[in-house]
Amino acid sequence: MRILVLGGTKFVGRSYVEEALAAGHEVTLFNRGVTNPDLFPEVEHVHGDRDVDLAPLRGRTWDVAFDPACYLPRHARTAAEALRDAVEHYAFVSTLGVYADEETPDQGEDGPLLELKDPSSENVHEDYGPLKVAAEREITDAFGERALILRPGFVVGPYDQIDRMPWWLRRIARGGEVLVPGEPDDPLDTVQLIDARDIARFALAMAERRHGGVFNLCAPPDGLRLERLLDICAEVTGSTGVTYTYVSEALLLEDGLDAWEPLPYWVASRYAAFRRFDASAALAAGLEVRPVRESFRDCWAWDRARGSEPLSDRAGITAEHEDRLLAAWHARALP
């Protein structure tokens, strides 16, 4: 296939390009040439800024377009206008954050969606989910059955620019007493993950069949306990002497920690929907998910290759912050 990738040099997009090339497809990248500009010298690079226009792509055709990093409806609209007649199949990476019901687990693709309160908003931090909903609609309105909408949850694996997985790997590698958010006896306190490479392979397989539709992408169906993920971190990093201390949600919320960003993969109970979604449609359509240990192993190898590069400030808490929380928790346990 002849594939156009909008972006293609970060995380999901980068993984998609690697998988596409490995499968023998012909790839064209459209981006500004700013992020990782030396990647993929063997493919065609077309430079442009989608925030301005997609004029450099006009007059050309591809079999498939893959759009992994569109956050604004107007960007989706301009892409649709430029590529509606230029590609046969359009794959758009959205998010599980489009769903309005934040409390009910096991929602399928027909769950109610968020709506923008202010249609003029472009505040991605505040309106991430509603903006993605609006962008999805631009793509489906333009491409109809030719549109593939991918809604992943926590994306993991190498190239994680948010550094959720690297943060846990480095924390467990450091050893000692580790703060684990939540309750040790809560079977529903789980998390689902999806490797960026599995998103890529699914998108490519669907493109080869020109199969559109909307799909939740997350695994496993019943979720994984965070402690299990940390055990895998210890196995992968070779860390010994690690002990886990569960700290209640109440204390974490009192401290101002919420949702999943401060402590990667932890989801507060009021966001229980994000602990487990229904991805049975994707699995039935051929989604194959690698063992989570493989994702951690490969991410650890990639992170070690980066050396001492600081992690993103979007993931994790400082060692000092963790120590303060552990001390507060132990103080509550004193008679």
Side-chain angles (χ1 to χ4, degrees), residues 6-7 10-16 31 35 50-51 66-80 90-105 107-141 147-157 159-165 167 191-194 196 199 203 214-218 253 256-277 279 311-316:
L6 304 180
K10 290 172 63 176
F11 205 12
V12 176
R14 180 174 176 175
S15 298
Y16 181 90
N31 54 49
T35 302
R50 69 186 302 169
D51 194 48
F66 183 74
D67 191 350
C70 176
Y71 304 102
L72 300 177
R74 65 180 174 87
H75 288 169
R77 188 180 313 118
T78 56
Y90 196 102
F92 180 83
V93 179
S94 186
T95 171
L96 288 176
V98 297
Y99 293 104
D101 183 350
E102 299 177 330
E103 299 178 357
T104 306
Q107 292 181 66
E109 290 81 0
D110 58 351
L113 303 179
L114 293 165
E115 299 292 342
L116 275 171
K117 295 178 181 178
D118 176 6
S120 67
S121 172
E122 293 194 350
N123 187 328
V124 176
H125 178 72
E126 296 293 333
D127 294 320
Y128 177 67
L131 287 169
K132 278 289 195 179
V133 172
E136 284 186 8
R137 288 175 179 156
E138 294 288 348
I139 298 303
T140 54
D141 286 348
L148 175 68
I149 306 298
L150 306 169
R151 294 175 178 168
F154 290 113
V155 183
V156 300
Y159 318 134
D160 177 1
Q161 79 265 20
I162 300 177
D163 283 324
R164 290 184 177 119
M165 184 171 277
W167 187 85
V191 65
Q192 292 173 312
L193 310 174
I194 184 73
I199 297 174
V214 182
F215 296 93
N216 294 340
L217 301 182
C218 49
L253 295 181
L257 301 180
D258 201 356
W260 47 81
E261 291 294 356
L263 286 164
Y265 310 139
W266 172 61
V267 179
S269 57
R270 67 176 173 143
Y271 301 114
F274 295 93
R275 293 177 173 179
R276 197 174 66 206
F277 275 91
L311 296 179
S312 164
D313 58 8
R314 293 176 60 188

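None of the values given here were measured: they were computed from a predicted structure. Below, all heavy atoms of this structure are taken into account, side chains as well, without hydrogens, waters or symmetry copies.
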Novice: Rounded at 0.5 Å granularity, tell me how far CZ in Phe215 sits from OG in Ser94.
Specialist: 14.0 Å
Novice: Between Asp163 and Arg314, does a side chain to side chain contact (heavy atoms under 4.5 Å, CB included) hold up when you go through it step by step?
Specialist: CA-CA 8 Å; Asp163 283 324; Arg314 293 176 60 188; over 6 Å; no
Novice: How close do Ala315 and Pro264 get, heavy atom to heavy atom, and via which atoms?
Specialist: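 So the minimum-distance heavy-atom pair works out to CB-CG, 4.2 Å.
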Novice: Does the side chain of Pro130 reach to within under 4.5 Å of the side chain of Glu115, using non-hydrogen atoms?
Specialist: no
Novice: Would you call Ile149 and Thr140 a side-chain contact if the rule is heavy atoms closer than 4.5 Å?
Specialist: yes
Novice: Is it true that a side-chain atom of Thr78 and a backbone atom of His75 form a donor plus acceptor pair closer than 3.5 Å?
Specialist: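 Yes: the side chain of Thr78 pairs with the backbone of His75.
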Novice: Give the C-alpha distance, both sets of side-chain angles, the deciding distance and a yes or no for side chain to side chain contact (heavy atoms under 4.5 Å, CB included) between Arg164 and Leu193.
Specialist: CA-CA 11 Å; Arg164 290 184 177 119; Leu193 310 174; over 6 Å; no
Novice: Is there a side-chain contact between Ile194 and Val156 (heavy atoms, below 4.5 Å)?
Specialist: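 They are not in contact (no side-chain heavy atoms under 4.5 Å apart), so the answer is no.
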Novice: Apply side chain to side chain contact (heavy atoms under 4.5 Å, CB included) to Val124 and Leu72, showing your working.
Specialist: CA-CA 8 Å; Val124 176; Leu72 300 177; 3.9 Å; yes
Novice: Looking at CZ of Arg14 and OH of Tyr159, how far apart are the two atoms once the value is rounded to the nearest 0.5 Å?
Specialist: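 Going from the CZ atom of Arg14 to the OH atom of Tyr159 covers 4.0 Å.
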Novice: Locate the shortest heavy-atom distance separating Ala196 from Phe11; write the atom from each residue and the value.
Specialist: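 Shortest heavy-atom contact: CB-CE1, 3.9 Å.
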Novice: Nearest 0.5 Å, please: how far is CG in Leu150 from CD in Glu136?
Specialist: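 Reported to 0.5 Å precision, the distance equals 9.5 Å.
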Novice: Hey, does the side chain of Lys132 reach the backbone of Cys70 with a donor-acceptor pair shorter than 3.5 angstrom?
Specialist: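 Checking the backbone N and O of Cys70 against the side chain of Lys132, a donor-acceptor pair under 3.5 Å is found.
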Novice: Would you check if Asn216 and Arg151 make a side-chain contact, meaning some heavy-atom pair closer than 4.5 Å?
Specialist: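 Yes. Closest side-chain heavy atoms under 4.5 Å.
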Novice: Quick one, Arg270 and Glu102 - any side-chain contact, counting heavy atoms below 4.5 Å?
Specialist: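 A side-chain contact is absent here, since even the closest heavy-atom pair is not under 4.5 Å.
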Novice: For Phe92 versus Ala135, what's the shortest heavy-atom pair and its separation?
Specialist: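 Smallest interatomic distance, heavy atoms only, reads CZ-CB, 3.7 Å.
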Novice: How many angstroms lie between CG in Leu131 and CG in Leu116, if you round to the nearest 0.5 Å?
Specialist: 5.0 Å
Novice: Is Asp51 salt-bridged to Arg74, cutoff N-O under 4.0 Å?
Specialist: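 The answer is yes: the pair qualifies as a salt bridge.
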Novice: Is there a donor-acceptor contact under 3.5 Å linking the side chains of Asn123 and Ser121?
Specialist: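 Distance-only check fails for Asn123 and Ser121.
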Novice: Can you name the closest pair of heavy atoms from Ile139 and Ala147 and give their distance?
Specialist: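 Heavy atoms only, the tightest pair is CG2-CB, 3.9 Å.
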Novice: Is any side-chain heavy atom of Glu103 less than 4.5 Å from a side-chain heavy atom of Phe274?
Specialist: no
Novice: Roughly how far, to the nearest 0.5 Å, is the NZ atom of Lys117 from the CD atom of Glu126?
Specialist: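 Rounded to the nearest 0.5 Å, the CD-NZ separation comes to 10.5 Å.
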Novice: Are the aromatic rings of Phe66 and Tyr90 close, with centres under 6.0 Å apart?
Specialist: no
Novice: Show the nearest heavy-atom pair for residues Ala76 and Glu138, with the distance to one decimal.
Specialist: CB-CB, 3.8 Å
Novice: Any carboxylate oxygen within less than 4.0 angstrom of a Lys/Arg side-chain nitrogen, looking at Arg50 and Asp67?
Specialist: yes
Novice: May I have the step-by-step check of side chain to side chain contact (heavy atoms under 4.5 Å, CB included) for Tyr16 and Val93, ending in yes or no?
Specialist: CA-CA 11 Å; Tyr16 181 90; Val93 179; over 6 Å; no
Novice: Determine the minimum heavy-atom distance between Asn31 and Gly7, stating which atoms define it.
Specialist: ND2-O, 2.9 Å
Novice: Kindly assign one of parallel, tilted or perpendicular to the pair Phe154 and Tyr265, based on the angle between their ring planes and the thresholds 30° and 60°.
Specialist: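 Geometry flag for Tyr265 against Phe154: perpendicular rings.
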Novice: Are Arg275 and Ser269 packed together at the side-chain level, in the sense that at least one heavy-atom pair is separated by less than 4.5 angstrom?
Specialist: yes
Novice: Within the structure provided, determine whether Leu114 and Tyr99 are in side-chain contact (heavy-atom separation under 4.5 Å).
Specialist: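 Of all side-chain heavy-atom pairs linking Tyr99 with Leu114, none is under 4.5 Å.
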Novice: Quick one: CD on Glu109 to CG on Leu96, what's the gap to the nearest 0.5 Å?
Specialist: 9.0 Å
